[in-house]
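Worth saying up front: this structure is predicted, and the values here are computed from it rather than measured. First listed ligand is number 1; within each ligand, the first listed atom is number 1.
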Amino acid sequence: MNTPVAFSLPQRVLHWLTAGLVFFNLLIPDGMEEWNRSIKRTGSATADQVGSANIHAYVGITILILVVLRLVLRFIQGVPPSSPLEPAIFRAVAKIAHVLLYGLLIAMPVTGMAAYYLGYDGAGDVHADILKVALWALIAGHVLGALTHQFYWKTNVLRRMTAG
Ligand code: HEM
Ligand code: HEM
């Protein structure tokens with residue numbers, strides 16, 4: 001595998017596009033929640049409710065497609081090595097966090113689709129209660145880690161994912 005000095009332009013665009021869509025679905029799941037409440041209470045939903053829920057569903061499925069694309073690019077193009085200025089233990093933690101983030105970005109849409117299209121309530125509970133909280137926690141750690149890099153270890157890590 002290659003060892004580039006920064007993430008490629010497509011990798012950077014995909015990172016920020018994915019981040020934007022993930023925040024959208026995390027912060028505004030209202031249409032899907034209303035559809036879910038209606039289905040549980042009455043067994044049906046109005047066309048408007050389905051329309052709003054579909055926005056959450058399609059954004060989530062787009063995230064899944066983008067993540068698969070990212071993993072393919074990662075495999076083909078490689079990623080820059082972690083900075084030697086950063087303590088080894090934190091480099092290991094960052095690696096594990098990235099693997100978990102990728103895992104959650106796949107597990108969220110898969111459990112969501114199982115609940116929405118196949119009616120598996122258990123998958124919906126995992127999606128809405130466990131995975132959602134885990135994703136928020138990882139994103140918080142991820143952002144905190146990136147800022148620590150940038151301003152404490154001064155490794156200029158943000159540049160690798162922005163200007164390149
Ligand atoms: C929903 C929000 C986000 C998700 C799901 C996410 C996910 C990821 C993942 C999976 C990677 C690993 C890339 C790889 O090695 O293939 C990564 C890298 C990175 N992310 Fe995020 N990210 C998010 C938001 C942010 C934000 C808000 C920042 C800015 C503080 C940020 C800064 C970075 C940086 C600097 C890297 C490169 C790390 C390195 O060079 O090793 N991310 N992100
Ligand atoms: C990374 C992508 C996704 C994220 C971040 C996300 C996020 C969320 C959030 C924050 C909630 C509200 C949880 C709550 O507080 O009650 C939710 C609920 C839900 N989402 Fe997603 N979602 C994603 C993808 C999907 C997809 C692709 C589908 C279906 C095609 C879907 C279907 C659902 C359903 C059915 C619920 C209601 C579950 C329940 O409460 O039992 N989600 N999602």
Per-atom contacts of ligand 2 with [X], taking only distances under 4.0 Å to non-hydrogen atoms:
X	result
Leu26	5 (C), 10 (C)
Met113	28 (C), 29 (C), 30 (C)
Tyr116	29 (C), 30 (C)
Gly124	38 (C), 39 (C), 41 (O)

Which is closest to [atom] in terms of heavy atoms, [options]?
atom	options	value
atom 16 (O) of ligand 2	His56, Met32, Glu33	Glu33
atom 36 (C) of ligand 1	His149, His98, Met161	Met161
atom 29 (C) of ligand 2	Ala123, Gly112, Ala107, Ala128	Gly112

Got an N/O contact under 3.5 Å between His15 and ligand 1? yes
With only distance considered, is Arg160 within less than 3.5 Å of ligand 1 through an N or O on each side? yes
Tyr58 OH: over 12 foreign heavy atoms closer than 6.0 Å: no
Should the heavy atoms of other residues, nucleotides or ligands under 6.0 Å from CD1 of Ile89 be counted, would the total exceed 12? no
Interatomic spacing from CG in Leu21 to CD1 in Ile65 - rounded to 0.5 Å: 11.0 Å
Residue pair Leu158, His149: steps toward the side chain to side chain contact (heavy atoms under 4.5 Å, CB included) verdict: CA-CA 8 Å; Leu158 282 178; His149 259 280; over 6 Å; no
Residue, atom name and distance, where the atom is the protein heavy atom closest to [atom]:
atom	value
atom 11 (C) of ligand 2	Pro29 CB, 3.5 Å
atom 18 (C) of ligand 2	His127 CD2, 3.6 Å
atom 15 (O) of ligand 1	Arg74 NH2, 3.0 Å
atom 7 (C) of ligand 1	Leu101 CD1, 3.7 Å
atom 13 (C) of ligand 1	Tyr102 OH, 3.5 Å
atom 28 (C) of ligand 1	Trp16 CH2, 3.4 Å
atom 6 (C) of ligand 2	Met108 CE, 3.4 Å
atom 2 (C) of ligand 2	Ile63 CD1, 3.7 Å
atom 27 (C) of ligand 1	Val143 CG2, 3.6 Å
atom 37 (C) of ligand 1	Phe7 CE1, 3.6 Å

Are Asp125 and Tyr120 linked by a side-chain donor-acceptor pair shorter than 3.5 Å? no
Is it the case that the side chains of Ser8 and Gln77 hold a donor-acceptor pair, with the cut-off being a distance below 3.5 Å and no angle test? yes
Looking only at heavy atoms, which two atoms of [X] and [Y] are closest? And how far apart?
X	Y	answer
Ser44	Ser38	O-OG, 2.7 Å
Gln49	Trp35	O-CB, 4.1 Å
Gly60	Asn25	N-ND2, 3.4 Å

Side-chain heavy atoms under 4.5 angstrom apart, residues restricted to Ile, Leu, Val, Met, Phe, Trp, Tyr: same cluster for Met161 and Leu105? no
How does [X] reach ligand 1, by side chain, by backbone, by both or by neither, if only non-hydrogen atoms under 4.0 Å count?
X	value
Arg70	side chain
His142	side chain
Val157	both

Side chain, backbone, both or neither: the part of [X] lying under 4.0 Å from ligand 2 by heavy atom:
X	result
Lys132	side chain
Ala57	both
Asn36	side chain
Lys40	side chain

Show your reasoning for whether side chain to side chain contact (heavy atoms under 4.5 Å, CB included) applies to Leu135 and Lys132. CA-CA 5 Å; Leu135 185 56; Lys132 176 191 79 176; 5.9 Å; no
Distance under 4.0 Å to a non-hydrogen atom of Ile139: what atoms of ligand 1 satisfy this? 1 (C), 2 (C)
One finds that the ligand 1 atoms under 4.0 Å from a non-hydrogen atom of Val22 are 1 (C)
If you scan the protein for heavy atoms around atom 4 (C) of ligand 1, do you find one that is closer than 4.0 Å? no
Where do Thr155 and Glu86 land on the side chain to side chain donor-acceptor pair (under 3.5 Å) test, with the steps shown first? CA-CA 8 Å; Thr155 55; Glu86 184 193 0; over 6 Å; no
Quick one: does Tyr117 get a heavy atom under 4.0 Å from ligand 2? yes
Name the one of Ile61, Val13, Thr18 that satisfies side-chain contact (heavy atoms from CB on, under 4.5 Å) with Leu66? Thr18
So, the side chain of Arg160 versus the backbone of Phe7: is there a donor-acceptor pair under 3.5 Å, distance only? no
Would you confirm whether Thr111, through its side chain, and Ala107, through its main-chain N or O, come within 3.5 Å as a donor-acceptor pair? yes
Which is it for Phe23 and Ile28 under the side chain to side chain contact (heavy atoms under 4.5 Å, CB included) test, yes or no, and what are the steps along the way? CA-CA 8 Å; Phe23 280 126; Ile28 320 173; over 6 Å; no
Using the rule given for side chain to side chain contact (heavy atoms under 4.5 Å, CB included), can you reason through Phe24 versus His56, listing the C-alpha separation, both sets of side-chain angles and the distance that settles it, and then say yes or no? CA-CA 9 Å; Phe24 177 85; His56 182 90; over 6 Å; no
